[in-house]
Amino acid sequence: MKSRVLLPVAAAAALVAVWWIAVIATKTKIFPSPLDVLRGLVVLAERKLLWRYIGDSLLRVVIGYGLALLVGVPLGMVMGANRAIASALNPLIEVA
């Protein structure tokens with residue numbers, strides 16, 4: 001039971017530590033440190049914007065996934081059924 005909890009917590013802590021070290025070592029201005037991200041989350045929560053932003057992000061994910069299903073599944077079925085269409089479209093899909 002301990003390893004079921006301890007191992008994921010240790011892995012997450014190691015990931016955050018590597019992130020923090022990478023930000024410090026590179027002196028980057030582009031990527032925030034874990035502490036800066038936490039501070040930003042607190043500010044968004046205080047302004048009551050965090051849940052709205054989470055909802056907006058999830059909506060974008062759902063729309064993107066839905067569009068991928070609507071286009072990708074039928075296109076894949078057509079490509080699987082017709083070798084000429086598959087030969088024509090496969091290079092485009094490989095590049096994208």
Give me each pair satisfying salt bridge (charged side-chain N to carboxylate O under 4.0 Å, His left out) with a member in residues 19-48, each pair once, sequence neighbours excluded. Asp36-Arg39
Is [Y] reachable from [X] through a run of hydrophobic residues whose side-chain heavy atoms are each under 4.5 Å from the next?
| X | Y | value |
| --- | --- | --- |
| Val61 | Val71 | no |
| Tyr53 | Leu41 | yes |
| Val23 | Val37 | yes |
| Val18 | Ile24 | no |
| Leu49 | Ile54 | yes |

So how far is it from Leu59 CG to Ile63 CD1, rounded to the nearest 0.5 Å? 4.0 Å
Would you check if the side chain of Trp51 reaches a backbone N or O of Ala45 as a donor-acceptor pair within less than 3.5 Å? no
Hey, mind stepping through Leu92 and Val95 against side-chain contact (heavy atoms from CB on, under 4.5 Å) and telling me if it holds? CA-CA 5 Å; Leu92 298 174; Val95 170; over 6 Å; no
If you compare all heavy atoms of [X] against all heavy atoms of [Y], which two are closest, and at what distance to 0.1 Å?
| X | Y | answer |
| --- | --- | --- |
| Pro32 | Trp19 | O-NE1, 3.0 Å |
| Val5 | Pro8 | O-CD, 3.3 Å |
| Ile93 | Met79 | CD1-SD, 3.4 Å |

Cluster partners of Val73, using ILVMFWY side-chain heavy atoms under 4.5 angstrom, listed by chain and number? Tyr65, Leu69, Met77
